[in-house]
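Computed from a predicted model, the values in this text were never measured in an experiment.
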Amino acid sequence: MVLASTPKVVLGCVAFSIFWVLAVFPSVPFMPVGRTAGSLLGAMMMVLFRVMTPEEAYAAIDLPILGLLFGTMVVSIFLERADMFKYLGSMLSWKSRGSKDLLFRVCVVSAVASALFTNDTTCVVLTEFILKVARQNNLPPQPFLLALASSSNIGSAATPIGNPQNLVIAVESGITFGQFLLGVFPAMIVGVLTNTCILLCYFWRYLSVEKDQEGGTATGPEVVADDEVTSHRFTPARMSHASSVNGDIDCISEPIRRSDSMNRADTLRSRSYNSEGDIQVAIRSLRASSMSREMVEVSTVCERARDEGPRKITRSTSHQRSVIIEDAPEQPDANGLDGDEKEKDDEVKQKRWKVIVWKYAVYLTTLAMLAALLLGLNMSWTAITAALVLLALDFTDAQACLEKVSYSLLIFFCGMFITVDGFNKTGIPNTLWELVEPYSRIDSAKGVALLAIVILVLSNVASNVPTVLLLGTRVAASAAAISPASEKKAWLVLAWVSTVAGNLTLLGSAANLIVCEQARRAQFFGYNLTFWSHLRFGVPSTIIVTAIGLLIVISY
């Protein structure tokens, strides 16, 4: 393919450059509009500059990929509601035998979860779990955060639904779910184990001491209760955390009976205060902790309500704690109370069974989706069907669930499809590939090594999904000239290298950025994972894991 006309080439490069800057650096000072708006801006400029027609822009949008992405998002939302990720978090600390055992578990759990539920979702739901477990065991967070991010990227390479670039490869190549799994899964297993060994060697000294020597600062206590480690809830498909240190905190109401509050009040009143000033001093000292603040509020309300009959006190948690007093219902007689308790117990048991049945339905539906994918059924419609089945089984308005879908990510993909297709029409990618193609053929070791280097560099410069869109058909066409088996092998090499390349730098993949932001914004266990601390580990890990995995993928 020859280059297009000079105006089209120049304007197409301008549009693609704007898209690239906003995709890689979404908060640039001169236009902090984010990735989604940046992709739409690039797509609009491709049409306005007449690099492509509106009809060609619409045709560039790959609906099967969007359908597969949407379906997996909905399934992951229902799995989160069914406490699947809560159970995964529990596995991290269940009968742990020390810091090195915990690191190994983080690597394995995050890799397996990423292969089934995408790497971005895994990083969203497990980051704060890992921070809490690390603080609970008084361990440095950095090794575990790096383990989560790197193992999630490596694990996601094993399946077509593990990450967005694999979705593109699976749809474009026509490789079935089973063939993809057989081709990359062995490399993923060896890669995860290799990455774990590198982590252990790199952080052995830090994992052998109790104190955190990495400088991470926690704004809360270092030891947390076990139930806190497994009770945090997330919205995985949004690809971003909903709360921050200064963000809003959901209100939680908890009824407290007068008898409980009076016991606390009597405890406080047993300390004889002789003046109002003494009471104020005591209150100030008690306000040093959140628990004592609650006791002061409850006792103060009970003191006022001492002679006003039965009261119900509700404590709500917000930016500032407040106490609301409402009239409590009159206590029924003993027989009526027994009857009401039996009815309530029956209702609770019935609801519990409904929840259990619903959870099993979600898990079985997900397993059925995976089985259908392994049988070679259409991946997009399989994921959409599973999503619709789960919405139907919920027996509630689907709006609340569908609102959690990351529509901004779907829109980003639409704009990216148009922008990359417009850039292809300039002829620049094809011209550059013609210069490299004779030296990067899949039938020689040197060719595979050069191809891997090109994918590795381009994935970190232009991001992995645009790299797959730019190189995919060209690499496959070059390999198809050798043999059909080489074509399939070329697609799998592209999937492996473009995915593991995300571990090279902090900006290499969205999963890395999610872990970094989630850790930094964690309310009580915040930790700042810096670019350089990631780079020192990422460079050797990426090179070694990529090389070992390539040997396995090529031998398939």
Side-chain angles (χ1 to χ4, degrees), residues 67-95 105 108-110 112-118 120-122 124-126 128-129 159 161-162 177 225-238 242 250 252-255 338-375 377-406:
L68 181 56
L69 193 59
F70 171 81
T72 54
M73 283 184 185
V74 174
V75 172
S76 68
I77 290 170
F78 275 95
L79 287 172
E80 188 271 342
R81 288 180 54 194
D83 295 330
M84 171 62 73
F85 300 108
K86 173 183 173 182
Y87 300 145
L88 289 177
S90 301
M91 291 174 60
L92 297 178
S93 57
W94 182 69
K95 293 185 178 180
R105 293 189 187 196
V108 173
V109 170
S110 58
V112 174
S114 296
L116 299 177
F117 313 122
T118 77
D120 295 343
T121 300
T122 300
V124 168
V125 299
L126 290 184
E128 198 159 340
F129 279 127
T159 64
I161 60 175
F177 189 96
D226 289 339
D227 57 348
E228 290 182 354
V229 177
T230 58
S231 64
H232 199 88
R233 302 186 70 84
F234 299 90
T235 303
R238 284 193 179 277
D250 296 335
I252 306 171
S253 297
E254 177 187 355
D338 293 340
D340 292 341
E341 288 181 353
K342 290 181 180 179
E343 292 180 0
K344 290 180 180 179
D345 290 341
D346 292 339
E347 291 179 1
V348 169
K349 290 180 181 179
Q350 186 177 6
K351 290 180 179 179
R352 185 182 296 116
W353 277 108
K354 287 182 178 179
V355 170
I356 293 174
V357 171
W358 178 81
K359 284 184 178 182
Y360 277 105
V362 172
Y363 300 152
L364 290 175
T365 302
T366 305
L367 290 176
M369 181 190 76
L370 295 176
L373 293 174
L374 286 172
L375 291 174
L377 299 182
N378 184 280
M379 286 188 283
S380 299
W381 284 107
T382 299
I384 293 174
T385 301
L388 292 176
V389 170
L390 292 175
L391 290 171
L393 290 175
D394 202 28
F395 292 104
T396 57
D397 190 349
Q399 180 178 357
C401 178
L402 294 177
E403 285 178 350
K404 297 181 180 180
V405 173
S406 181

Minimum heavy-atom separation for [X] and [Y], please, with both atom names.
{"X": "V75", "Y": "A387", "result": "CG2-N, 4.2 Å"}
{"X": "L374", "Y": "F177", "result": "CD2-CD2, 3.3 Å"}
{"X": "T118", "Y": "T121", "result": "OG1-OG1, 2.9 Å"}
{"X": "S110", "Y": "L126", "result": "CA-CD1, 4.5 Å"}
{"X": "V362", "Y": "L390", "result": "CA-CD2, 3.7 Å"}

Kindly compute the distance separating [atom1] ([X]) from [atom2] ([Y]), expressed to the nearest 0.5 Å.
{"X": "I384", "Y": "F70", "atom1": "CD1", "atom2": "CZ", "result": "7.5 Å"}
{"X": "M369", "Y": "T385", "atom1": "CE", "atom2": "OG1", "result": "10.5 Å"}
{"X": "T365", "Y": "L370", "atom1": "OG1", "atom2": "CG", "result": "11.0 Å"}
{"X": "K359", "Y": "M84", "atom1": "NZ", "atom2": "CE", "result": "10.0 Å"}

With side chain to side chain contact (heavy atoms under 4.5 Å, CB included) as the test, would you mind laying out the steps for L391 and F78 before giving the verdict? CA-CA 9 Å; L391 290 171; F78 275 95; 3.6 Å; yes

Does A115 offer a backbone N or O that forms a donor-acceptor pair with the side chain of T159 under 3.5 Å?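 Side chain of T159 to backbone of A115, a donor-acceptor pair under 3.5 Å: yes, one is there.
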
Between D83 and K86, is there a donor-acceptor pair closer than 3.5 Å when you use the side chain of the first and the backbone of the second?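 No.
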
Identified side-chain contact (heavy atoms from CB on, under 4.5 Å) partner of F117 from the options L79, I161, V124: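 One option only clears the test, and that one is L79.
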
Going by the angle between their ring planes, with limits at 30° and 60°, are Y87 and Y363 parallel, tilted or perpendicular?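 The arrangement is perpendicular - the two ring planes meet at more than 60°.
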
Under 3.5 Å, is there a donor-acceptor pair between the D394 and T396 side chains?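 There is such a pair between these side chains.
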
